[in-house]
Amino acid sequence: MESVISLQKVSKEYHLDERTTVPAVHNLNLNIGKGDFVIVIGRSGSGKTTLLNLAAGLIRPTGGHVLIDGTDLWSLNDSSLSLLRNEKIGFTFQFPSLMPSLTSLENVVLPTMFGVGRAKNEAYDNAAKLLKTMGLGDRMNAYPRQLSAGQQKRVVIARALINRPQILLSDEPTSDLDERTEEEMMGLLKEIHDTGVTVLMVTHSLELVAHASRAYEMEAGLLREITNPADVCAAARNRRMV
Amino acid sequence: MNLLGLAQRNVRGNRFRSAVVFLCVLGLAGFFLSTTLIIRGAETSLRRGLDRLGADLLVVPSGAEAVVESALLMGQPTSVWMPGELVDRIKSLPGIAAVSPQLYLTSGDVLVVGFDPASDFTIQPWLRQESKSLGKGEVILGAGVNSTTGNFNIAGQSLVIKGRLDGTGGALDMAVFVNLDTAAEMRKVVPSDGTAPTPAGSYSAVLVKVKPGIDISKMALYMVQEIMGISPIQSPQMFAWFRDQMNGLLWGFITILSIIWVLAAVAIGLVFSMVTNERRRQIAVLRALGATRAFIFRSLLAEALILGTAAAIIGIVLAAAGVYLFSGQVSSTIGIPFLFPSLSSLASLLAVSLAMALVTVALAAFVPVFRVSRLEPAIAMRE
């Protein structure tokens, strides 16, 4: 299968000071095909977010290559890399990432500012449609502080989809959500995936691997494929029941 | 939404930052404009005063230079005089083209300038209306002297108003001009400051024009050697005391302005540094959504310039209005005359003040804005 995201022997080390170097990702290989729904689980500090940032070209790897749709991200200049991110990648973050000074609608429209050849009216129409689809038709003019955590996450997803990206990178999309909202959120990601969007999601929640077409576990910067996601999910559920 | 729209929303969203930057720029632009207006106003007034005198030399009694200059510039009461025969002696010196005596008297707040219309070459050229023949009992008013009727009452006399001079911003605007016969009548009543009345036939100063080609400084030296008890002040050195005072004031203003400028720039830089640090995640999110480094840089700088422009305009308007409304108090406080500049001159000063404020904001914000725009997005997210 053709790889949409390809990480080839990618390493990333953080230099805390002249003497101390922390390896976050070590010699990692990952190929994600078009239409895949890949979930990477792991504990805090295992390197999941670094992996996602590497895939989005938000951080330069210490070694190896990151390819999106066959293009080596770090062979591009800043404006080409930014445009590629804008057109091909949707991003949801673990932390609250909506602009506090903008309404829900304006937050969703925001990524259309950075692309080329997009009509303003069309962008607002699309944003409104997306928000309605997310069940936020009546919250378009609300500011982030006026939205619940779940509503904010949905606005973030709408923002990630406004440019109709090929890839959705999602960092802990269900953190800080109650069980019911978590299920709604995963249902939403599944719906997005069903439209043909390739999803790479990182989470610490083992139960969520049931939603993935492929799942990996990350530990100390190393990636290991989970061959039996259903078992991992069931075990996690049992642990929670106990 | 575009870059400016986003910047505007962020300006409104960061109230503390906006308020601090706004106040710094407002103060800076306001102080710069008000001090520049005062200095320029004083310079203009001095220049107009010199033009008004129109003489190469102002001859005054020896030791009375500052007193006469104060009278002419600030309207300070004066009762200096020199004997009338000195005028004839000055007139008889070789190289002299014209001589016109003047007598300065004070009545209340009004400076009375007695002059000889026949020999005068300094006052009548500045008259608004043609009124060359000023007779006894007639008066020409300075630009700032109020009178609603056709007569002007002073020192127990009711004088017929014959004309009005253009404004200088100096004390001459509040002076009235009469011929020497009228002044002779008035000298019996004034001065009101308790000093002895000026003797008949005496003058306070003599305005002198030298013949073309004559060196003014050599003529001044020659006068001092030939005639005892006089002090000729050369036109370029006239109001030297005021110029010195103005220079002192100018340096004082420049020093204060420099301190305020540095403090404002540091404060703006620190506030921007603080705010950009607080907003590192927001900036990283924008980068993740596809914003280029250049966009982030321009957007943050636009925030600075929007704030700077608004604050500078308000500061400039307040400063201009303040100086205009309180020019009298400013002038008397700092002890130099003041003339509000013309509209064209004011417009250029406003433009310079605005540009100065905007350059300051841009320079102060540049380093923190540049630094944060160069951050790797993932690093910026890891707060």
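Labels below follow one simple rule: chain letters A, B, ... track the order of the sequence lines, proteins then strands, and each chain is numbered from 1.
- Near-neighbour residues of residues 56-86 of chain A relative to chain B, defined by a heavy atom under 4.5 Å from a heavy atom of that chain, comprise A/L58, A/I59, A/R60, A/D78, A/S79, A/S82, A/R85, A/N86.
- Using a 4.5 Å cut-off between heavy atoms, A/L110 touches chain B through its side chain atoms alone.
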* To do: Test side-chain contact (heavy atoms from CB on, under 4.5 Å) on B/R281 and A/F93 and set out the steps.
  => CA-CA 10 Å; B/R281 267 195 176 162; A/F93 304 86; over 6 Å; no
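- The line from CG of B/L6 to CD of A/E106 is 9.5 Å long, rounded to the nearest 0.5 Å.
- Heavy-atom distances place no part of A/T49 under 4.5 Å from chain B, backbone and side chain included.
- Between B/G13 and A/S101, the shortest heavy-atom distance links the atoms CA-CB, 4.3 Å.
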* Asked: What's the verdict on side-chain contact (heavy atoms from CB on, under 4.5 Å) for A/L98 and B/V285, showing C-alpha distance, side-chain angles and the deciding distance?
  -> CA-CA 8 Å; A/L98 295 176; B/V285 168; over 6 Å; no
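- The local environment of CD in A/Q146 is crowded, with over 12 non-hydrogen atoms from other residues, nucleotides or ligands closer than 6.0 Å.
- Taking non-hydrogen atoms and a 4.5 Å limit, the residue list of residues 23-31 of chain A in contact with chain B is empty.
- Considering every non-hydrogen atom in both A/F114 and B/L289, the closest pair reads CD1-O, 3.6 Å.
- Contact annotation for B/R287: both backbone and side-chain heavy atoms come within less than 4.5 Å of a heavy atom of chain A.
- For B/N2, the part lying near chain A is the backbone, with the side chain staying farther off; criterion is any non-hydrogen pair under 4.5 Å.
- Enclosure of atom CG in B/L343 is not indicated, since only 12 or fewer non-hydrogen atoms of other residues, nucleotides or ligands lie within 6.0 angstrom.
- Taking chain B as the reference chain and counting heavy-atom pairs below 4.5 Å, the highest number among A/F95, A/Y124, A/F91 is found for A/F95.
- With rounding to the nearest 0.5 Å, the separation of CZ in B/R9 from CE in A/M99 is 12.5 Å.
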